[in-house]
Structure formats: C-alpha cells, structure tokens
Amino acid sequence: MKPTLVYHLDDILHNAQTLRQLANEHQLNHLAFVTKSFCADLKVVEVLAKAKPDYLADSRILNLEKMQHIDIPKLLLRIPMLSEIENVIKYADISFNSEMATMSALNEEAKKQNKIHRVCLMIDMGDLREGIMFNDCDAIYDTCDHLLRLRHLELYGIAVNMTCYGGVLPTSDNLNQFVKIAKEIEAKYSIKLNILSGGNSSAYNILVAHQMPCEINQLRFGELLLLGTETADSQAVLDLSQDTVTLQAQIIELKIKPSVPIGKIGLNAFGQKIVFEDKGNMKRAIIGIGKQDVDADALFCKDDRVSIIGQSSDHTILELSDTCEYQVGDIIEFKTNYLGLMRLATSAYVSKEYK
Ligand SMILES: *Cc1c(COP(=O)(O)O)cnc(C)c1O
C-alpha cells in the first residue's frame, strides 16, 4: 500500500461539535472553521459542516472553489493576490484585505460579476504579518475612506491575526485595543461592523479564561479543530480529541546494519555534516515516505519501540528495538503535527482514507 493519511471522522466531528458549542457559549456567532491544514478534503469538510460553522475559511482560493457546492459562506483568509481577483469574487463571500490597490481591483471585478463583495480589514496588532498597523490611525482611516467609496465592496468587519510571524500572543490588552479601533471606525463613519475577528486557535486560552472582550464575535479555528491542540503552546485541549489523523507507512526494507556509516564522510543529501554515535549494530527499517511528503520532526511514532533516525527526500529510516517483531510489508503508524498534516494532505504520493 501507498503511505496513507487516515482521517478519524468521528473524532473530527467531536472536535467540531465541541468548538461550535464553545463558540455559542461565548457569543462567537461568526465562527469560522479553517480547512487549509487538510487541503479542504471534501469528506472532512462534509463532517465539519454537520457542526454548522458560520464560515468555511481557507487561505487558498483553490480550496474555496473545491467547497463551493457546500452551502456555508466562504471566507478567504490570505489577503488576495492581484492575479486571483476574479476567483476571489467568484468563490469567496468575504475576504481579508489590507491594500487599497487590491480592494480597487476587487471592486472592479465585483462590478463585472454584478456582486457585492464583503471585506474585513486586517489590522496588525504587532505580530507583523499582514494588516494595517494598529497605531497608524491615518492609514486605517485612509483605507476605510477608500473602501467606503467602492460601491461593490462592503466594509464588513475588521480582523487580526496573531501568534504567526512574531509569536505575539492574544491578550485582553491587545484585543481590547483592537475592539477600540472597531468602535472608532463605527463612530467615525456611522456604520456597524458585523465581524470582529479576534484570531486563530491561539486565542483559545484567553477565551476559556473569559479574558476575551465580549465584542469579539469571530475566531478562526484550524489546529484546534483538526488536532485538538492549541497553537500558543501546543497544549492538548482536554475536551478535544488528539486522535484525529494517523499516517500509515509500510516497511520496504528491514535489516541489521551498523549505526555509523562506513567510508570517508562528506555531506549528506541536504548539504549537512552529520555526526553519528556508535551504538553497534542496530535493527533498521525504511519506509517509503520522505521529506518531499513530510518532515521527520513532524512525525511521532505510535509504537515507542520505534524511533526515526534519518530521512532523505523519499525515505525515512527507523531504528527498531530488538523486541520489535515487524517484517517487510508491515505497517508503522505515526501521529503528526499541524505542518505535518498540511504537507501529508498536500502530497499526491500519500493516499487518503476515512474511518
Ligand atoms: C491559518 C490561519 C488561521 C487558522 O489558524 P490555526 O492556528 O490553525 O487555528 C486563522 N486565521 C488566518 C488568517 C490563518 O491564516
């Protein structure tokens, strides 16, 4: 069998329903489920849809297109490229934006397609990825002025992203400041902002600690939903399942070999010089999956008698303890993390199964 990523749909549904319930308790009535970590695999999306999120959100327009037949509004998370404007208007009901030139282009295209497209303005609260800087009022108002003149766009809300580039944690301080910006925009233009989008899975801790300002009505859950872990410190969240995806890979070679390479040692396939500890002979297995599909440090073997000792683009080398009774053709199972899930979901060399 090919290496296979197995989705445990019951566990995923449990997480989706638990987070929907949590959102209801906190008046997050614009809850978004983020589908990018599993490439918006439709079997998984259909399970998530059962929990009735208010939006399906993704950073890739191709994924939104894939989900277009599902009757839940679509939110584009990554600010659009000028080259994808037509499809943004076609497949996204709402997009996050920070650039006037892009919004002008969206407006032109929305006019062509006879649509009103909703925009959430990204505000950068200090994490320094996308958004207008929170302390640059002139830039915020200039952008709002511009946006409000575009007849085929609607200023629908504001959004912030944290714990990504800069690792800045959401706190009641920076989120209250964010809410204050929303209120100033509402007052200045006499409008109502429908969405105050306060962040991703890393906002979980302050949400359950009741430190999230009550005006925030949207969070965008990806990692929490799919892996049951919270991004700020990768802690398992107790009410959620962490047993949602498994990678299965078959042993293609199983041999006793020395632990130190033999010969004059240069650089490995990735230009690195590796130092080997001499542990004598060891039982080693190779599985047919490599860096092209997933990084070794994103994989966690379920059998603790097995550990990963190395990887090339197409192979992963495992050390098995003497007590292991595996044979060529047997399956080794792994858990993975967020980036691992993303890479495995993207790889055409990895089959997908659903349990
Ligand atoms: C990826 C992404 C999310 C989801 O983040 P998680 O940490 O997986 O919850 C939310 N918002 C934006 C803008 C994103 O790019």
Side-chain angles (χ1 to χ4, degrees), residues 12 15-16 18-20 22-23 28 30-41 44-45 48 51 53-64 73-81 84 88 92 94-99 102 119-132 156-170 175 178 195-208 212 216-237 240 242 244-245 298 336-346:
I12 293 171
N15 286 359
T18 306
L19 290 172
R20 175 73 263 184
L22 180 76
L28 297 174
H30 290 270
L31 173 67
F33 282 172
V34 177
T35 53
K36 67 190 185 197
S37 68
F38 56 98
C39 299
D41 183 306
V44 179
V45 173
L48 296 184
D54 301 292
Y55 303 92
L56 293 170
D58 207 294
S59 45
R60 315 275 169 154
I61 201 74
L62 202 60
N63 289 347
L64 295 186
K74 312 296 181 306
L75 168 57
L76 181 65
L77 295 170
R78 183 172 63 189
I79 52 173
M81 302 176 212
E84 63 185 4
V88 174
I94 305 183
S95 60
F96 286 177
N97 279 278
S98 65
E99 288 291 352
T102 309
V119 166
C120 286
L121 272 190
M122 276 320 260
I123 307 292
D124 189 333
M125 296 305 299
D127 196 58
L128 303 186
R129 201 177 69 182
E130 76 278 44
I132 309 166
Y156 201 67
I158 65 172
V160 59
N161 196 58
M162 285 188 266
T163 335
C164 269
Y165 171 73
V168 172
L169 295 173
L175 286 178
F178 174 75
I195 295 182
L196 268 66
S197 188
N200 54 30
S201 298
S202 71
Y204 175 82
N205 282 338
I206 67 162
L207 178 71
V208 295
M212 172 101 69
I216 302 274
N217 61 12
Q218 175 174 86
L219 290 178
R220 312 172 306 261
F221 291 136
E223 175 164 350
L224 200 55
L225 179 66
L226 259 291
L227 294 178
T229 49
E230 162 280 307
T231 15
D233 48 13
S234 277
Q235 286 300 306
V237 170
L240 300 178
Q242 286 80 42
T244 48
V245 285
T336 187
N337 63 18
Y338 194 64
L339 203 55
L341 171 58
M342 260 185 167
R343 292 266 288 278
L344 290 164
T346 306

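Both backbone and side-chain heavy atoms feed into the values below; hydrogens, waters and symmetry mates do not. Every number for a ligand or one of its atoms is a count from 1 in the order of the listing.
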Compare all side-chain heavy atoms of Ile12 with those of Phe38 and state whether any distance is below 4.5 angstrom.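 SC-SC contact between Ile12 and Phe38 ruled out.
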
With a 4.5 Å limit on heavy-atom distance, are the side chains of Val44 and Thr35 in contact?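 No, their side chains stay 4.5 Å or more apart.
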
Non-hydrogen atom of Asn161 closer than 4.0 Å to ligand 1: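 Yes; Asn161 lies near enough to ligand 1 that a heavy-atom distance drops under 4.0 Å.
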
Any heavy atom of Arg129 closer to ligand 1 than 4.0 angstrom?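 Right, Arg129 reaches ligand 1.
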
What's the shortest distance from atom 11 (N) of ligand 1 to any protein heavy atom, and which residue and atom give it?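 The closest heavy atom on the protein side is Arg220 NE, 2.8 Å.
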
Atom 5 (O) of ligand 1 - nearest protein heavy atom and its distance: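 Atom 5 (O) of ligand 1 sits closest to the protein heavy atom Asn200 CB, 3.3 Å.
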
Does an N or O from [X], backbone or side chain, lie closer than 3.5 Å to an N or O of ligand 1?
| X | answer |
| --- | --- |
| Tyr338 | yes |
| Ser59 | no |
| Leu224 | no |

With a 4.0 Å cut-off on N to O distance, would you call Asp54 and Arg20 a salt bridge?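 Salt bridge between Asp54 and Arg20, a charged N being under 4.0 Å from a carboxylate O: yes.
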
Compare Gln218, Glu223, Met122, Lys36 and give the one whose heavy atom is closest to atom 2 (C) of ligand 1.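 Going through Gln218, Glu223, Met122, Lys36 one by one, Lys36 has the nearest heavy atom to atom 2 (C) of ligand 1.
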
Counting only heavy atoms, tell me which of Ser37, Ser202, Ser201 gets closest to atom 9 (O) of ligand 1.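 Nearest option to atom 9 (O) of ligand 1, by heavy atoms: Ser201.
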
Checking side-chain contact (heavy atoms from CB on, under 4.5 Å) between Ile195 and each of Leu75, Ile216, Asn217, which is the one that passes?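 When Leu75, Ile216, Asn217 are each tested with Ile195, the side-chain contact (heavy atoms from CB on, under 4.5 Å) holds only for Asn217.
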
Taking atom CD of Glu84 as the centre, does the number of heavy atoms from other residues, nucleotides or ligands within less than 6.0 Å exceed 12?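 Yes - once you tally the heavy atoms of other residues, nucleotides and ligands closer than 6.0 Å, there are more than 12.
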
Return the orientation label for the Tyr156 and His30 ring planes: parallel under 30°, perpendicular over 60°, tilted otherwise.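 The arrangement is perpendicular - the two ring planes meet at more than 60°.
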
For the pair Ile79 and Thr102, evaluate side-chain contact (heavy atoms from CB on, under 4.5 Å) and give the outcome as yes or no after the intermediate values. CA-CA 9 Å; Ile79 52 173; Thr102 309; over 6 Å; no

Can you list the atoms of ligand 1 that are under 4.0 Å from a heavy atom of Phe221?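 Those qualifying, in numeric order: 9 (O).
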
